[in-house]
Amino acid sequence: MSLPFTPDSDRIITLDVLRGIALFGILYAHMIFWYAGGPLPEETYQLYKDIGSGLAIGTYMIFIISKFFAIFSFLFGLSFYIQIDKLAQRHQPIVTRFAWRLTILGVIGILHHIFWRADILTIYVPLGFLLLFFRNLSNKTLLIIGSLLVLNIPTKCAELISIVVRDQLQLIQEDHKAAGAAYYEIIKNGSFTQMLQHNIYAVSEKFNYQINSGRGFITFGFFLLGMLAGRMQWFSHIEQHRSLFVSVLKRSAWVLLIALLVGLAFSASSFILKVDFEKAPLAGWAGGFILEFFNASLTLIYITGISLLMLKPKWESRLKPLASVGKMALTTYLSQSVIGVFLFFNIGFGLFTLTSPGQNALLCIIIFTLQIVICRWWLKHFNYGPIEWLWRSATDLKWKPLMKQQLPGLKTE
């Protein structure tokens, strides 16, 4: 989640557009499987096999999963640099000031996690504190460490050692079937109190997943790359760095193509040879490693491609409405959870498994379109989103002006 503390006059519209696009991807990822924030029984994912659901799930698997949380992570790191740079220019204490902002965000994240267990803020906050210790590393060091982490190298190395030494992939053992069955029951039949209690106890599953999957490493890697981009002022002067964006886009496209071709060959050969991945964990490890390159390269293609499109007037006008959502990123993110939980969980309309993934994808588009309309209206009358306003006010221990002051005879744009 980005840090919305930059005055409107200094905002970089491209970053707000990227936030808006990331929010759509995150909403899509959660909507198609009924806003489940944890594992479900395997058969639940097989309930619908219609064409619409196939397309929705295929879109999710290829273009969505592991990409848009990465864009958010990149923007968090970039916003982190913008904030500490402004604090330095004002001769304000960086560590204490930023730590206080993160602490407030952490409180919001804890409350959000209690309501919905897949909250990302409770992951971002501790990693955000860790960023403070990395802020003075050289550009080269940031690039190397960041690149290794976004490719999930530490986890893949640990997995390989685990396979060779103990012939097991899981670094932390979990009973996924039992966990999935328990969460299914909460969504389907749980009361509000039971849901809150389950979410509190599920915090260990959440952090175990961050370790087992390497998601925590990937998140922090994109934090570092975003901080590097902020330090180099790449997004403050995109036109001046157009050649760099084009170069990253082209190289990422080549990596994506190679990963795609290798992945297809790997899948075809595994199918022909009838490889049992449970009995051949090394084959599963290799397939997962290919996927890491695919995900990282496509994420960079999204970031650089959208940034370059924003340099074109026609595309800028088409994408600009997303900026309003990006400016209210925290409010939008939290509201998506509220909408999703009340749509699908037993405490609300209880549509869990009653709608198909294909129908949920359409619902996602409708909900996000409404969020764009609401955010655009809100920002015509107010300076900040409601949660952003509370966050700013709590940070400065002073109520910020929420309503826009409109001069007589002038219209608010």
Side-chain angles (χ1 to χ4, degrees), residues 20-72 116-118 120 176-177 179-190 195 209 213 215 256 259-260 263-264 266-268 270-271 277-278 284 287-288 290-291 294-295 298-299 301-302 322 325 332-333 335-372:
I21 291 173
L23 281 164
F24 172 76
I26 290 172
L27 177 64
Y28 186 100
H30 294 132
M31 280 291 296
I32 63 167
F33 293 125
W34 309 283
Y35 234 84
L40 296 173
E42 190 64 33
E43 56 271 19
T44 309
Y45 300 104
Q46 308 296 327
L47 286 175
Y48 294 93
K49 297 183 180 180
D50 56 285
I51 295 176
S53 295
L55 290 173
I57 295 173
T59 299
Y60 165 76
M61 296 298 294
I62 298 172
F63 300 106
I64 303 293
I65 187 173
S66 298
K67 286 81 170 176
F68 288 88
F69 93 88
I71 296 176
F72 245 178
W116 185 61
R117 56 178 278 177
I120 194 61
H176 292 290
K177 289 186 178 181
Y183 192 44
Y184 180 96
E185 184 63 24
I186 287 295
I187 298 175
K188 191 73 174 178
N189 302 307
M195 182 186 76
Y209 170 75
S213 67
R215 179 68 68 91
L256 180 74
L260 182 61
L264 289 174
F266 177 82
S267 299
S270 298
F271 177 77
F277 290 103
E278 290 187 1
I290 296 169
L291 188 60
F294 179 87
N295 290 337
L298 187 51
T299 299
I301 288 173
Y302 285 152
L322 293 165
V325 178
T332 302
Y333 171 67
S335 66
Q336 287 176 350
S337 301
V338 173
I339 294 169
V341 167
F342 278 100
L343 270 179
F344 298 112
F345 285 46
N346 184 58
I347 66 168
F349 291 100
L351 295 179
F352 178 59
T353 69
L354 297 181
T355 55
S356 69
Q359 292 169 330
N360 293 341
L362 293 177
L363 277 174
C364 168
I365 295 172
I366 294 171
I367 292 169
F368 192 73
T369 301
L370 289 175
Q371 286 191 310
I372 292 175

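The two residues P39 and R117 have their closest heavy-atom pair at CD-NH2, 3.7 Å. I64 and A29 get closest at one heavy-atom pair: CG2-CB, 3.8 Å. The shortest non-hydrogen separation linking A22 to I71 is CB-CG2, 4.0 Å. In terms of heavy-atom proximity, G38 sits nearest to Y183 at N-CE2, 3.3 Å.
Distance alone, capped at 3.5 Å, places no donor-acceptor pair between the Y35 side chain and the F342 backbone. A donor-acceptor contact shorter than 3.5 Å links the side chain of T44 to the backbone of P41. Put simply, the side chain of K177 never gets that close to the backbone of E42: no donor and acceptor are under 3.5 Å apart. A distance-only check finds a donor-acceptor pair linking the side chain of S53 to the backbone of G358 [under 3.5 Å].
Here T353 pairs with K188 under the side chain to side chain donor-acceptor pair (under 3.5 Å) rule; sequence neighbours left out. Evaluation of the side chain to side chain donor-acceptor pair (under 3.5 Å) rule for Q371 yields S335, Q336 as partners, not counting sequence neighbours.
Rounded to the nearest 0.5 Å, atoms OG1 (T355) and CG (L343) are 8.5 Å apart. Going from atom CH2 of W34 over to atom CG of L351 covers 11.5 Å, rounded to the nearest 0.5 Å. Annotation: the span from C364 atom SG to I339 atom CD1 amounts to 10.5 Å, rounded to 0.5 Å. Put simply, CD1 on I367 and OG1 on T332 are 12.5 Å apart, with the number rounded to the nearest 0.5 Å. The NE2 atom of H30 lies 13.0 Å from the CG atom of N360; values are rounded to the nearest 0.5 Å. For the atom pair CD1 (I65) and CG (L298), the distance works out to 12.5 Å, reported to the nearest 0.5 Å.
Relative ring orientation between F72 and Y333 is described as perpendicular, the plane-to-plane angle rising above 60° on a 0-90° scale split at 30° and 60°.
Between F69 and T299, every side-chain heavy-atom pair lies at or beyond the 4.5 Å cut-off. Counting only heavy atoms from C-beta outward, the side chains of R215 and S66 approach each other to under 4.5 Å. Between E43 and L47, the closest side-chain pair of non-hydrogen atoms is not below 4.5 Å. The shortest side-chain heavy-atom distance between L40 and I187 falls under the 4.5 Å cut-off. Considering only heavy atoms from C-beta on, F368 comes within 4.5 Å of V325 through its side chain. At least one side-chain heavy atom of L260 sits under 4.5 Å from a side-chain heavy atom of F294.
Other residues, nucleotides and ligands contribute over 12 non-hydrogen atoms within 6.0 Å of the CG atom of L354. Residue F349 qualifies as open at atom CZ: its count of foreign heavy atoms under 6.0 Å is 12 or below.
Of the candidates F344, Y184, F33, F345, Y184 is the only one forming a ring-ring contact (aromatic ring centres under 6.0 Å, His included) with F352. Each of Y302, Y60, Y28 was checked for a ring-ring contact (aromatic ring centres under 6.0 Å, His included) with F68, and the lone residue meeting it is Y302.
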